[in-house]
S.K.: 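Take this structure, written in structure tokens, and hold onto it; I'll ask about it next.
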Amino acid sequence: MSISFDSQTRSYELFQRAQKVVAGGVTSIVRGTSAGWLPYPPMIQRGDGSHLYDVDENEYIDYVMGHGPLILGHRPRNVSQAVAEAILAYGNLFALPYELEQVTANKIRDRFPSMELVKFSNSGSEATHYAVRLARAITGRDKIIKFEGQYHGWTDATEYSYHPAIKDLGPRTAPRTIPAAAGTPMEYARLVLTQPWNDADLLRKTLRDHRGEIAAIITEPIMANCGVIPPAPGYLKFLREATREYDILLIFDEVITGLRAARGGAQELYDVKPDITVLAKALGAGFGVAAYGGSRAVMDAVARDEILHAGTYNANVVAMSAANATLDELDKPGTYENLERLGAQLANGIHAIFERAGIPVQVQRVASFWQIYFSPKPIREYRDAAQYADLIQFRKLQAALRKRGVLIYPNGLGRWFLSTAHTNADIEATLNAVEDAIPDLIG
Ligand code: PMP
């Protein structure tokens with residue numbers, strides 16, 4: 001099979017037309033040509049389970065999976081049905097409380113015991129922003145620590161040092177905080193101290209130097225926005241102890257890892273309880289919903305309306321019925337075991353293919369998400385990725401797979417996602433496509 005991307009396709013034609021009315025032709029920076037969808041992104045006609053179909057009727061095995069939410073695949077039947085039934089039966093928006101909120105919050109608390117009290121919002125960016133704001137309100141301090149290569153949404157609170165050029169990073173011992181894009185005031189950047197991840201000694205020194213100034217450390221407990229980087233052994237426990245010692249709040253941004261790394265997220269997998277947790281993505285299986293929460297003591301400031309939590313669409317019926325049904329679906333027997341089995345089969349299979357071809361790669365995986373780095377060395381932090389990962393080679397792999405009906409995100413600092421809809425046949429077809437793609441990489 002070879003899918004072509006020339007100017008004769010309907011995708012091409014629609015993308016040209018889109019650019020006349022939608023700025024840049026796409027509605028997120030990760031969907032357009034600047035994100036590597038070259039020569040143009042496929043225009044999608046529909047999704048079904050693990051597969052996507054474009055308007056030219058090309059069929060793809062999808063590993064972008066909406067960048068994580070689609071843990072149950074495209075058009076998950078039971079969730080879609082629950083949403084449709086709920087909005088037809090009750091309506092969509094009340095601007096007043098209703099019972100499904102507490103039902104959903106209880107199901108979250110059952111999986112994430114650290115989230116004794118929960119608050120809902122619409123996206124990971126919003127919920128993360130609230131988490132940071134809450135930490136600032138509780139501690140009365142304005143500075144936060146975030147890690148290079150991590151992403152916590154597009155707000156001015158955290159969008160710094162995402163994937164900066166090596167030359168801009170500054171020394172490891174004193175990293176610069178670099179706004180991810182134009183329009184972020186440098187005044188805000190001064191409130192964010194950036195650090196390399198997985199380095200306890202450096203962080204210990206930073207905490208000592210800034211004693212009494214820091215409200216929170218925010219981290220993805222498994223880095224999933226710089227490929228996939230698991231925490232070094234003991235690192236999350238170190239973060240927990242150090243934040244306690246310095247009276248700082250620990251925020252786990254589990255927007256990707258929550259309900260995906262394990263039923264109870266990375267905090268269950270590594271047995272570390274943060275003060276505040278942020279969930280989104282897999283929580284709604286593709287419908288827009290997010291949540292943050294923590295202990296009663298931590299959430300008290302929100303409960304008493306000391307911090308402003310608002311949002312016209314918060315906990316609307318689509319969001320709540322989707323989250324509620326998704327949590328039930330994920331609790332069906334074998335979900336996480338199957339995801340682990342398929343993830344291992346595919347990631348290990350890919351690794352073996354490259355090994356046989358003599359191409360050095362690192363395949364770094366947790367459960368159902370992983371990344372392949374064209375790198376001779378393991379990637380433990382953003383600076384490793386910036387230095388060693390060959391992103392051009394990754395683009396070649398992406399293009400070669402796209403031609404062969406396998407869709408992955410073009411940026412080598414993204415990742416592959418599996419869903420419960422992926423099958424053994426998908427895995428086999430994908431491994432065949434990877435094998436077949438090797439000559440494109442060498443040539
Ligand atoms: N945090 C993390 C770890 C994420 O990966 C993302 C999105 N990729 C966000 C926050 C922001 O979520 P959203 O796109 O729903 O605003």
Side-chain angles (χ1 to χ4, degrees), residues 26-32 35 63-71 112 119-135 144-163 180-181 184 192 194 197 216-231 236 250-261 265-267 269 274 276-293 311 313-316 318-319 322-323 326 366-371 382 385 408-411 413-417:
V26 294
T27 308
S28 164
I29 199 168
V30 297
R31 297 180 198 169
Y63 295 98
V64 183
M65 290 321 246
H67 292 289
L70 300 175
I71 192 164
F112 294 82
K119 209 73 159 170
F120 290 106
S121 55
N122 299 295
S123 68
S125 298
E126 287 173 62
T128 306
H129 190 90
Y130 278 125
V132 170
R133 186 183 265 189
L134 174 59
I144 60 165
I145 291 178
K146 93 164 273 280
F147 297 95
E148 293 171 343
Q150 298 206 5
Y151 180 66
H152 305 294
W154 48 261
T155 74
D156 290 345
T158 54
E159 205 188 12
Y160 305 96
S161 299
Y162 174 39
H163 293 155
T184 309
V192 180
T194 47
W197 206 52
I217 293 180
I218 183 165
T219 189
E220 295 178 68
I222 299 158
M223 280 181 70
N225 279 289
C226 180
V228 174
I229 309 181
L236 295 181
L250 179 60
I251 303 172
F252 275 3
D253 177 348
E254 294 230 41
V255 166
I256 285 184
T257 55
L259 302 157
R260 188 176 272 280
Q267 55 196 270
L269 194 61
I276 305 173
T277 299
V278 184
L279 301 175
K281 301 222 178 203
L283 179 61
F287 290 92
V289 57
Y292 67 98
Y313 300 109
N314 289 352
N316 66 73
V318 170
T326 302
V366 178
S368 57
F369 57 111
W370 67 91
Q371 185 56 308
Y382 173 68
I408 60 175
Y409 181 53
N411 187 327
L413 301 184
R415 69 266 106 171
W416 300 46
F417 285 111

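In each ligand, atom 1 is the first atom listed, and ligand 1 is the first ligand listed.
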S.K.: With sequence neighbours excluded, what pairs up with Trp370 under the side chain to side chain donor-acceptor pair (under 3.5 Å) test?
M.R.: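 Trp370 satisfies side chain to side chain donor-acceptor pair (under 3.5 Å) with no residue once adjacent residues are dropped.
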
S.K.: Against Gln150, only a single residue in Asp253, Thr219, Thr158 fulfils side-chain hydrogen bond (donor to acceptor under 3.5 Å, both in side chains); can you say which?
M.R.: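 In the set Asp253, Thr219, Thr158, the residue that makes a side-chain hydrogen bond (donor to acceptor under 3.5 Å, both in side chains) with Gln150 is Thr219.
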
S.K.: Could you check whether the rings of Trp416 and Tyr63 sit parallel, tilted or perpendicular, using 30° and 60° as the cut-offs?
M.R.: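 It falls in the tilted class, 30° to 60°.
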
S.K.: Does Ile222 reach the side chain of Val228, with side-chain heavy atoms less than 4.5 Å apart?
M.R.: yes

S.K.: Can you check side-chain contact (heavy atoms from CB on, under 4.5 Å) on Leu236 and Phe252, steps first, answer last?
M.R.: CA-CA 10 Å; Leu236 295 181; Phe252 275 3; 4.2 Å; yes

S.K.: Shortest non-hydrogen contact from Pro230 to Val366?
M.R.: CG-CG2, 4.1 Å

S.K.: Give the residues near ligand 1 by chain and number, with the criterion being a heavy-atom distance under 4.0 Å.
M.R.: Ser123, Gly124, Ser125, Tyr151, His152, Gly153, Glu220, Asn225, Asp253, Val255, Ile256, Lys281

